[in-house]
Amino acid sequence: MAMQPWFPDAKFGIFIHWGIYAVDGVQESWSFFEGDVPHDQYMAQRHRFTARHYAPEDWADLFARAGARYAVLTSRHHDGVSLWDTAEGDLNVVRHTPAGRDLVGPYATAMRERGIKVGLYYAHNDWNHPDYASTRYEGRPPEQENNPYAEVPKEEEDLAAWARYLAYRDGQVRELTTRFHPDLLWFDGEWERTEEQWRIKDLARLIRSQVPRCVLNARMLSEGDYATPEQGVPIEPPAGPWELCLTFNDSWGYRHHDHNYKSTGQLIRYFTETIGGGGNLLLSVGPKEDGTIPAEQVERLEGMGAWIARHAEAVYGTARGLPPGHHYGPSTLSADRRTLYLTVFDIPRGPIGVRGLRTPVRRVSVLGTGTALGHQVIGGLHEVPGVLWIDPPATEDLDEHATILAVELDGELDLYRGAGRF
């Protein structure tokens, strides 16, 4: 299926990790899986998960101000606790927490009212489901083998139980697609079984029978639409559509002791490097158990939104920019391939060089202020073009976090990528 055009044009999304784990601020699901928190203690958080200040309209307003074009909410993490009133199984916030209501529907409605595409995270695996640990995958990493929440010894496999589990998973996914009509489904947990065990192709057919234009991430394996690297901008970006998922600090969900926040400037660097490589940034907020987003995250989202608003032309609807070696920094390219947007992070000490540019330059200006910059091409021989040297912006034209230079070309971008004369 062809990629939906809204996704590569969106550039910025918000990942929302919210669940009972926010009560004590422990790691979502993994904390009991790896034995850091006793299972009973982890599950007891249900009794204090209130969502009493949950206002998805406020979330949507914040995300819109931040410049996000889509959001992804953890409808069910590996702990099996669903955020909607599922008819599949009994473990959900409606029946077993003081929140006592569906949290997914209001989220979807609020996002759509602000023009934000609706994404839902869903884990293939459920470490609390009685039928989940009924088979095993022999190819899993050794450090993840033999965990009783995930698998049983080979001789104890129960394929009938596994079939019941898949029916439960399919039933939940069917509820998500028919009730909430997501624009994107973000799967996780695929490493615990093979594609054949997961029956990925059957699951994809189920999804696309309900929401034909739903985008699927790569954790749907052969049926995924885009790659999903985590926590670090790839040195060599994937060739097709992709998305970097990233945390504000060191945690996906809310952890009260984690104050190791990236600065607004650092987040903008991640963002510009990601979109310069043709990807989207999916930045994870971790609401508290009451549904409020920590002030540090709000502040940074506001800062990112202000920067994006000043440089929207270089962000939305652009394509990946220059390959490494042409410019010292990320760049993007307009849809018509006639304007290059160069990112300059630091205060220039001299002219800014661009190598390998065959297309003549009509004008260079500072995005956001409109100030024109002098420029000239020096050198070059035969097929090797000279270097475009751009005069450095004045101090008053420099952005606090990242300055964008708009290089207007006299034709479509044409780059020299050769090695020169030997």
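The structure places CG of Leu216 at 11.0 Å from CG of Leu221, a figure rounded to the nearest 0.5 Å. With values rounded to the nearest 0.5 angstrom, Cys214 atom SG is found 9.0 Å from Gln4 atom CD. Atom CG of Leu282 sits about 8.5 Å away from atom CG of Leu244, to the nearest 0.5 Å. Rounding to the nearest 0.5 Å places CG of Leu281 at 5.5 Å from CG of Leu246. We find the CD-CG distance between Glu192 and Asp126 to be 10.5 Å, quoted to the nearest 0.5 Å. Distance CG/Leu103 to CG/Leu73: 8.0 Å, rounded to 0.5 Å.
With respect to the salt-bridge test (charged N to carboxylate O, under 4.0 angstrom), the residues Asp225 and Arg208 qualify. Ion pairing between a basic and an acidic side chain is recognised when a charged N comes within 4.0 Å of a carboxylate O; Asp346 and Arg269 show such pairing. Salt-bridge check for Arg65 with Glu302: passed, with a basic side-chain N closer than 4.0 Å to an acidic carboxylate O.
Residues Phe12 and Thr274 have side chains not in contact (no heavy-atom distance under 4.5 Å, counting atoms from C-beta outward). Contact annotation: the side chain of Val93 approaches that of Val81 to within less than 4.5 Å [non-hydrogen atoms, C-beta and beyond]. Side-chain contact between Leu184 and Val118: absent, with no pair of heavy atoms (C-beta onward) separated by less than 4.5 Å. Counting heavy atoms from C-beta on, the side chains of His124 and Ile200 come closer than 4.5 Å. Looking only at side-chain heavy atoms (C-beta outward), Val361 and Glu408 stay at 4.5 Å or farther from each other. A heavy-atom distance below 4.5 Å is found between the side chains of Glu243 and Phe7. Ile14 has its side chain out of reach of Ile116: every pair of non-hydrogen atoms, C-beta onward, lies at least 4.5 Å apart. Between Asp61 and Trp59 the shortest side-chain heavy-atom distance does not fall below 4.5 Å.
A donor atom on one side chain and an acceptor atom on the other are found under 3.5 Å apart for Gln231 and Thr247. Inspection of the Asp183 and Tyr70 side chains reveals no N or O donor paired with an N or O acceptor under 3.5 Å. For the 3.5 Å distance criterion, the side chains of Asp414 and Thr359 fail to qualify, holding no donor opposite an acceptor. Under the 3.5 Å distance criterion, with hydrogens and angles disregarded, no donor-acceptor pair is assigned to the side chains of Asn280 and Tyr226. No side-chain donor-acceptor contact under 3.5 Å links His129 and Arg169. Using modelled atom types and a 3.5 Å distance limit, the side chains of Arg193 and Tyr137 yield no donor-acceptor pair. Residues Asn260 and Asn249 have side chains that never bring a donor and an acceptor to within less than 3.5 angstrom of each other. Remark: the Tyr121 side chain and the Asp188 side chain contain an N/O donor-acceptor pair separated by less than 3.5 Å. In this model, no donor atom of one side chain and acceptor atom of the other lie less than 3.5 Å apart for Tyr21 and Gln27. A donor-acceptor pair shorter than 3.5 Å can be found between the side chains of Asp90 and His96. Judged purely by distance below 3.5 Å, without hydrogens or angles, the side chains of Glu175 and Thr86 pair a donor atom with an acceptor atom. There is a side-chain donor-acceptor pair under 3.5 Å between Thr228 and Arg219.
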Starting from the C-alpha separation in whole Å, work towards a yes-or-no answer on side chain to side chain donor-acceptor pair (under 3.5 Å) for His326 and Arg417.
CA-CA 9 Å; His326 290 273; Arg417 298 283 291 160; 2.8 Å; yes

Just do the side chain to side chain contact (heavy atoms under 4.5 Å, CB included) check on Ile20 and Asp79 with the steps written out, would you?
CA-CA 9 Å; Ile20 65 170; Asp79 62 11; 4.1 Å; yes

Could you walk me through whether Tyr122 and Val173 pass the side chain to side chain contact (heavy atoms under 4.5 Å, CB included) check?
CA-CA 8 Å; Tyr122 183 85; Val173 171; 3.8 Å; yes

Show the numbers, then the answer: is there a side chain to side chain contact (heavy atoms under 4.5 Å, CB included) between Leu342 and Thr403?
CA-CA 8 Å; Leu342 308 177; Thr403 304; over 6 Å; no

Test salt bridge (Lys or Arg N to Asp or Glu O under 4.0 Å) on Lys201 and Glu223 and set out the steps.
CA-CA 7 Å; Lys201 293 191 180 300; Glu223 295 293 328; 3.2 Å; yes

May I have the step-by-step check of side chain to side chain contact (heavy atoms under 4.5 Å, CB included) for Trp198 and Leu203, ending in yes or no?
CA-CA 8 Å; Trp198 288 127; Leu203 180 59; over 6 Å; no

Determine, step by step, whether Asn128 and His39 satisfy the side chain to side chain donor-acceptor pair (under 3.5 Å) criterion, reporting the C-alpha distance in whole Å, the side-chain angles of both residues, the deciding distance to 0.1 Å, and the verdict.
CA-CA 10 Å; Asn128 264 312; His39 181 266; 2.7 Å; yes

Please tabulate, for the side chains in residues 387-396, all donor-acceptor contacts under 3.5 angstrom to protein atoms that are two or more places apart in sequence or on a different chain.
none

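A ring pair (Phe, Tyr, Trp, His ring centres under 6.0 Å) with Tyr54 holds for exactly one of Tyr107, Trp18, Phe49; it is Trp18. Checked options Arg95, Arg179, Arg101; the residue passing with Asp85 is Arg179 (criterion: side-chain hydrogen bond (donor to acceptor under 3.5 Å, both in side chains)). When Ile352, Leu367, Thr371 are each tested for a side-chain contact (heavy atoms from CB on, under 4.5 Å) with Leu405, only one passes: Ile352.
The backbone N or O of Lys262 sits less than 3.5 Å from a side-chain atom of Arg300, completing a donor-acceptor pair. Side-chain atoms of Gln210 do not come within 3.5 Å of backbone N or O of His181 as any donor-acceptor pair. Remark: side-chain polar atoms of Trp186 are not paired, donor with acceptor, to backbone N or O of Val72 under 3.5 angstrom. Here the side chain of His77 pairs no donor or acceptor atom with the backbone of Thr74 at under 3.5 angstrom.
Geometrically, Arg69 engages Tyr316 in a cation-pi contact defined by less than 6.0 Å to the ring centre and at most 45° from the axis.
Listed by first and then second residue, the side chain to side chain donor-acceptor pair (under 3.5 Å) pairs that reach into residues 282-293 are His17-Ser284, Thr50-Glu289, Arg52-Glu289, Asp290-Thr292, sequence neighbours excluded.
Between Phe32 and Tyr149, the gap from one ring centroid to the other is short of 6.0 Å.
More than 12 heavy atoms of other residues, nucleotides or ligands sit less than 6.0 Å from atom CD of Glu138. No more than 12 heavy atoms of other residues, nucleotides or ligands shown are found within 6.0 angstrom of OH on Tyr328. In this structure, Glu34 places its CD atom where more than 12 heavy-atom neighbours from other residues, nucleotides or ligands lie under 6.0 Å away. No more than 12 heavy atoms of other residues, nucleotides or ligands sit less than 6.0 Å from atom CD1 of Ile347.
When the ring-ring contact (aromatic ring centres under 6.0 Å, His included) test is applied to Trp30, the partners found at least two apart in sequence or on another chain are Phe33, His78, Trp127, Trp191.
Residues Ser263 and Gln266 share a closest heavy-atom pair of N-OE1, 2.9 Å.
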